[in-house]
Amino acid sequence: MGPGPAGNLFMKRTHHCNELRPAHAGQTVILDGWVHSRRDLGGLLFIDLRDREGRTQTVCDPSNLAPETCDRASRLHSESVVRITGKVRVRPEGTQNSRIATGEVEVMVEAFEVLNEAAILPFSIDDPEVASKVNEELRLQYRYLDLRRPEMARNLKIRSKVAIATRSFMDDQGFLEVETPTLFKSTPEGAREFLVPNRREPGTFYALPQSPQQFKQILMVAGVERYFQLARCYRDEDLRADRQPEFTQVDIEMSFIDREDIYGLIEGLLKRVWKTALDMDIPTPFRRISFHEALNRWGIDKPDTRFGMELVDLTETFRSSSFKVFSGAVASGGVVKAINAKGMAGATQGQIETMTEYAKGFGAKGLAFIKVEGGEWKSPIVKFFTAAEKESLTTTLAIEEGDLILFAADQWLNACEILGKIRLYCADVLKSQGRLVIDPQRFDFLWVVDFPLLSFDKEMNRWYSSHHPFTAPVAEDIPLLKDDPKRVRGQHYDIVVNGVELGGGSIRIHQPDVQKTIFEEILQISPEETRLRFGYMLDAFRYGAPPHGGIALGFDRLCAILCGTTSIRDVIAFPKTAKGTCLMTDSPGPASARQLRDLHLEVKAAPPKA
RNA sequence: GGGGGUGUAGCUCAAUUGGUUAGAGCGCUGCCCUGUCACGGCAGAGGUUACGGGUUCGAGCCCCGCCACUCCCGCCA
């Protein structure tokens, strides 16, 4: 054995595991890392050493190494941490491995030190095929092992690069990064909040912010002019693949600007991010689509435009049809729309049923469809159609053998949303059958604009803000506010990529009279209540508020898209499960009696069994 | 709160219509092996079929309950 552990005490690694090349041949190096795999040929023994950067093959050759050392090496477990000292050499002819970057060389082990012996692993992490299929429950419990997998390490690296690129870009653009409190106050609107009891005054609570929305507007009044923050946000709502109880936003606000400034800024930011993370040049400016067009053509306010199957309007075709389901819908002010799911005539009973359930979820009675199979239209409703109606369908929907036509006859918004949902379902089915292939390198960015400022709540019989009450109306629509609120467009915008809502924002109201109209006349909130809920903001706006606007991007979703995953859990180091628990730390957990007493809290529900 | 999916060896999965002692690959243990890189060969250990009930002569499989993970709806201004 070479230099003992004592001799190595202050010797650090000389290279990382993705660094050595033929040019290093002859050098004595020290590598630190994890035992990725071990191949014991009886005499020769290969140990692949892995660190964050990559892998290097090391070789124990019994002809120039003490038997005792070889013996110790042969008993190394996977994932033990070792420090290896040895001499770099070019691999013998024919034994190079072109699949790893260091595959032309190897390190002849002279000595090694076990820094930490790994126990037998709960799951293997050296085979990406197997590891990627391991139950997520186990991966989350042993997250530190999961994160060692090259794929997860890559995701962490991309996330870091994107965060740094964002800060660098925003700095270049003259923005200040300002931190805002995470101990905030409870606000009645919006998502359910996490509450933090206040020890100093019994019965009072902080709330964790759903977003820094109010602080960033106050910062504009404070004269910051250009603010951004990678802000942690908290929402106590049920989880999804793309929603965690705590998540990160790229939060941005600017003064003295209009919508175009935001579009240009975000296009520049995303250009920089895509270049940094994927070395891709994305074309700008992005396409802009009105809310109305998005619903009308794709049936959703965040359209995935990477494939067709667009909605077609058939209202005029069926206005006076003898098929009362269609003509009746038109007569009561609705529309008839359809999509052509090309190649889905073979849809199973179960698939048709799933789609029918979607339609029923929107209040429809059923789902009309036509399967074009064997040269004929197979459908329960086609017998009601005239020759002219069939002719019109064939033309407008470009019907061919193998198509599946799906109809919605309802009020415009509902009909659009039904088909929008079904369109996405059909795309999923076709994708799983390999009949719809989307280039993973394709990114369809677009702005959705001209959202309605207000929506009507039928049950409460009143208007409410589609976005939030500080969203400015489009200037030319302000006269409509009192007479025709429905037609007022907000200066709100969403940025969408591949059907994912990446972020949204708006130009805010900075004129007190418009704000007063919105609160008191449109939203019907009393001056007293307005004062209570938004008092400090309205106060701030009295002392010189610049016109301003901003946007927030979902940073986790952004990273997920860049990493090619659909679950943001894959780009968060320590995510929560769908029930909001952490399987590694076993949180949340009960509080001690002492803690509760200090906080003046009494727990009524039985604590979960310890 | 509601609906769907999954749960069998450490991991990934099998197990015919409810029928003998629940199998395979990887991993693990032991032995052999000097150019492997998913090394190879031989042998071996390893199971409360998530958990609790029920039906049955007999349950991994059927029924009821429950737990965990996951996807979706509601929810997320």
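Just so it is clear, the structure is predicted and the values come from calculations on it, not from any experiment. Protein chains get the first letters and strands the later ones, always in sequence-line order, with residue 1 at the start of each.
The CG-P distance, from D40(A) to G27(B), rounds to 13 Å in whole Å. Here the C1' atom of nucleotide C33(B) and the CG atom of D61(A) are 15 Å apart, to the nearest Å. Look at CG on D48(A): it is 11 Å from P on C37(B), rounded to the nearest Å. Rounded to an integer number of Å, the gap from R243(A) CZ to C75(B) C1' is 7 Å.
The residue among K576(A) and S211(A) whose nearest nucleotide of RNA chain B lies closer to the 5′ end is K576(A). Sequence order on RNA chain B of the closest nucleotides to M108(A) and P469(A) puts M108(A) first from the 5' end.
Looking at heavy-atom distances under 4.0 Å, R235(A) makes contact with sugar-phosphate atoms alone, never a base. No contact: R192(A) has no heavy atom under 4.0 Å from any strand. Nucleic acid contact for K360(A): none, since no nucleic acid atom lies under 4.0 Å from a heavy atom of the residue.
When the side-chain nitrogen and oxygen atoms of H77(A) are compared with OP1 and OP2 of U29(B), one or more of them lie within a distance under 4.0 Å. Contact check, R39(A) against U36(B): no side-chain N or O comes under 4.0 Å of OP1 or OP2. Residue R38(A) has no polar side-chain atom (N or O) positioned under 4.0 Å from OP1 or OP2 of C37(B). Between T581(A) and the phosphate of C69(B), there is a side-chain N or O to OP1/OP2 separation shorter than 4.0 Å. An OP1 or OP2 oxygen of C69(B) is reached within less than 4.0 angstrom by a side-chain nitrogen or oxygen of T577(A). Dashed line: the shortest gap from a side-chain N or O of K421(A) to OP1 or OP2 of C73(B) is under 4.0 Å.
When only modelled atom types and interatomic distance are considered, T180(A) and Q214(A) share no side-chain donor-acceptor pair under 3.5 Å. Side-chain N/O atoms of H548(A) and Q217(A) include a donor and acceptor closer than 3.5 Å.
If you check distances only, the side chain of Q57(A) does reach the base of U36(B) with a donor-acceptor pair under 3.5 Å. Under 3.5 Å, the side chain of R91(A) and the base of U36(B) form at least one donor-acceptor pair of N or O atoms. At a cut-off of 3.5 angstrom, the base of C69(B) holds no donor-acceptor pair with the side chain of R139(A).
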Taking protein heavy atoms under 4.0 Å as touching, what does nucleotides 3-11 of chain B look like 5' to 3' if B marks base contact, S marks sugar-phosphate-only contact and - marks none? -------SS
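Considering all non-hydrogen atoms of both residues, V81(A) and W34(A) come closest at CG2-NE1, 3.4 Å. Nearest approach of L49(A) to D32(A), heavy atoms of both residues: CD2-C, 4.0 Å.
Aromatic ring pairs are classed by plane angle as parallel below 30°, tilted from 30° to 60° and perpendicular above 60°; the pair F184(A) and F215(A) is tilted. Between Y425(A) and Y358(A), the two ring planes are perpendicular [angle over 60°; tilted spans 30° to 60°].
With a 4.5 Å cut-off on side-chain heavy atoms, F574(A) and L147(A) count as touching.
Closest contact between the side chain of L44(A) and the listed nucleotides U34(B), C37(B), C75(B) involves U34(B).
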